[in-house]
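Naming: A, B, ... by sequence-line order, numbering from 1 per chain. Computed from a prediction, not measured in an experiment: that's the story for all the values here.
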Protein chains: 2
Amino acid sequence: MNSVKEYKSASYKTGKIRKDNEIVIREAAEQEFAEFGFKGASIMSIAKRANVPRPNIHYYFKNKQELYNAVLMDILALWNKAFTEFTAEDEPAEAIGNYIRLKLMYSRCYPTASKIFANEILQGAPHLNTYLNNDLRVLLAHKTAIIQGWIDAGKMDAIQPYYLIFFIWGATQHYADFGIQIKSALGKEELSEEDFEEITANLIQIITKGCGLVK
Amino acid sequence: MNSVKEYKSASYKTGKIRKDNEIVIREAAEQEFAEFGFKGASIMSIAKRANVPRPNIHYYFKNKQELYNAVLMDILALWNKAFTEFTAEDEPAEAIGNYIRLKLMYSRCYPTASKIFANEILQGAPHLNTYLNNDLRVLLAHKTAIIQGWIDAGKMDAIQPYYLIFFIWGATQHYADFGIQIKSALGKEELSEEDFEEITANLIQIITKGCGLVK
DNA sequence: GTCTATACAGAGATAGAC
DNA sequence: GTCTATCTCTGTATAGAC
């Protein structure tokens with residue numbers, strides 16, 4: 001039927017326009033979902049943010065759910081990446097310090113991703129059941145086993161490994177999810193790189209010392 | 001016109017029905033707002049949760065905004081209460097330990113309140129500007145001054161007081177806001193009182209030791 | 001590949017009967 | 001004080017012109 005048109009678009013550059021548009025839409029969607037969660041987000045608002053006509057969103061993504069899934073998958077990849085850091089061979093003080101540093105770096109660089117994740121959990125994680133009960137749980141079991149190994153080897157105090165991880169998550173993600181409250185409390189427009197370095201140093205000091213890893 | 005009916009309802013007990021209904025609606029609204037935030041929440045859904053006809057919500061609360069405000073004000077009162085705890089005369093180890101204990105108790109007893117607050121901050125705190133820039137900021141300045149006093153007196157390590165507070169907030173509120181993730185990770189249906197006591201003990205140990213308050 | 005027009009569902013709000 | 005009926009707006013989704 002539309003063989004001419006099809007040929008034309010195929011000959012242009014395979015999926016170039018599509019790819020560009022998808023990225024623009026995806027980024028706008030991230031902002032919207034981070035603020036309002038899945039239910040509160042509106043496609044119209046995403047279209048305005050992306051500066052594209054509203055029906056185009058439907059052209060690139062079948063529906064709201066599919067768009068959300070696409071965004072969410074990106075974030076999970078990011079999350080898992082941050083979490084595969086330390087290994088049993090590492091020195092615990094360094095390994096935990098690096099993990100805290102990395103998590104804070106993520107809060108600084110990808111606050112939107114963190115917020116979407118937070119929104120998803122707040123809404124009862126309806127789209128993350130598989131992830132929470134499989135991928136994350138396996139990863140977590142692995143990490144806590146490493147920490148327990150360090151404890152058994154007398155390298156650090158006897159802390160419940162799970163609680164230590166939750167502790168680090170809570171403290172670091174807070175800087176992304178509650179960023180507005182923090183900025184407001186400190187009377188700053190934005191947190192600078194120096195601010196984040198100070199935060200990192202303070203956090204690492206408290207936690208490593210608190211776990212008996214440094215004096 | 002309806003003098004008989006009016007008399008009847010007035011003679012019942014002044015505002016008894018109204019009060020009861022308001023409470024039921026308020027509690028349903030809390031659940032809904034905690035899950036979906038202001039924008040994502042729907043009055044219809046709140047009515048279903050409260051098991052009242054939808055128009056009744058409008059009878060008791062002018063509109064969605066007013067209902068939300070009512071719920072939010074309750075939460076701020078709760079939040080401030082938790083935050084007016086420690087004073088300069090306290091011993092820092094005990095004061096900070098008590099504050100952590102109290103914050104965790106709030107996460108355990110009022111997870112819904114915590115989630116509404118989290119949602120509000122995630123959405124850019126459009127209804128909390130006054131609170132964040134006034135009440136909270138004053139309270140926070142006061143608390144950090146106390147901590148700084150302890151540091152100057154050589155009672156604890158030199159930690160940035162603001163960051164210590166944010167640290168405690170992040171770590172404790174995490175157990176309310178990310179409760180689902182935590183339960184899923186631990187493979188538990190609910191966290192027991194014993195779980196919370198263990199969490200409290202671990203958190204207090206890490207933070208007080210990490211700040212040089214205990215050996 | 002882009003965009004106008006439109007169908008249709010859900011939600012907020014209010015008038016007015018009971 | 002309760003609830004039906006209704007108005008209006010917003011939002012999702014799709015058909016079809018260009």
Side-chain angles (χ1 to χ4, degrees), chain A residues 1-26 28-29 31-33 35-71 127, chain B residues 1-26 28-29 31-33 35-71 123 126-127:
Chain A
M1 259 239 255
N2 281 323
S3 58
V4 178
K5 274 192 184 173
E6 272 163 20
Y7 173 73
K8 266 174 126 179
S9 62
S11 69
Y12 175 56
K13 244 196 186 181
T14 319
K16 173 79 169 82
I17 294 176
R18 167 169 284 270
K19 216 173 170 186
D20 287 353
N21 281 335
E22 270 193 27
I23 290 171
V24 173
I25 292 169
R26 220 178 255 246
Q31 299 293 330
E32 178 81 3
F33 287 130
E35 258 186 61
F36 303 116
F38 177 72
K39 205 175 168 216
S42 107
I43 294 186
M44 227 186 91
S45 175
I46 293 171
K48 276 179 193 156
R49 284 179 199 257
N51 209 20
V52 301
R54 190 173 52 73
N56 282 31
I57 310 256
H58 284 101
Y59 177 72
Y60 289 105
F61 298 90
K62 207 180 82 207
N63 53 31
K64 191 179 174 183
Q65 185 66 60
E66 199 178 87
L67 175 55
Y68 184 68
N69 286 343
V71 168
H127 311 92
Chain B
M1 256 237 260
N2 283 320
S3 57
V4 178
K5 275 194 183 170
E6 271 164 21
Y7 173 73
K8 266 174 130 177
S9 62
S11 70
Y12 178 55
K13 243 190 190 184
T14 318
K16 174 80 168 75
I17 295 175
R18 165 168 284 270
K19 216 174 170 184
D20 287 354
N21 280 335
E22 269 193 27
I23 290 172
V24 173
I25 293 169
R26 221 179 256 246
Q31 299 293 330
E32 178 80 3
F33 286 131
E35 257 187 61
F36 303 114
F38 178 72
K39 207 177 166 214
S42 105
I43 294 185
M44 229 187 87
S45 174
I46 293 171
K48 276 179 193 154
R49 284 179 198 258
N51 210 20
V52 301
R54 192 173 52 75
N56 282 29
I57 309 257
H58 284 102
Y59 177 73
Y60 289 105
F61 298 90
K62 208 179 80 206
N63 52 32
K64 192 179 174 182
Q65 184 65 61
E66 198 178 86
L67 175 54
Y68 184 67
N69 286 343
V71 169
Q123 296 191 14
H127 311 92

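Counting non-hydrogen atoms under 4.0 angstrom, A:Phe61 reaches nothing in the nucleic acid.
Between A:Tyr60 and C:dT2 there is a side-chain polar atom (N or O) within less than 4.0 angstrom of OP1 or OP2. The phosphate of C:dG1 (OP1 or OP2) has a side-chain N or O of A:Tyr59 nearer than 4.0 angstrom. For B:Asn56, no side-chain nitrogen or oxygen approaches OP1 or OP2 of D:dG1 to under 4.0 Å.
Whole-Å rounding puts the B:Asp20 CG to D:dT2 C1' distance at 16 Å.
The distance from atom CD of A:Gln31 to atom CZ of A:Arg26, rounded to the nearest 0.5 Å, is 14.5 Å. The distance from atom CG of B:Asn51 to atom CG of B:Asn56, rounded to the nearest 0.5 Å, is 11.0 Å. With values rounded to the nearest 0.5 angstrom, B:Phe38 atom CZ is found 8.5 Å from B:Gln123 atom CD. Taking CD1 of A:Ile57 as the reference point, atom CG of A:Asn21 lies at 9.5 Å (rounded to 0.5 Å).
Look at A:Lys39 and B:Glu32 and you find a salt bridge, because one of the NZ, NE, NH1 or NH2 atoms lies within 4.0 Å of a carboxylate O, short of that distance.
Looking at heavy atoms from C-beta onward, A:Ile46 lies in side-chain contact with A:Phe33 at the 4.5 angstrom threshold.
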Protein within reach of the bases, or only the backbone? For nucleotides 6-13 of chain C, mark each nucleotide 5' to 3' as B, S or -, using heavy atoms under 4.0 Å. B----SBB

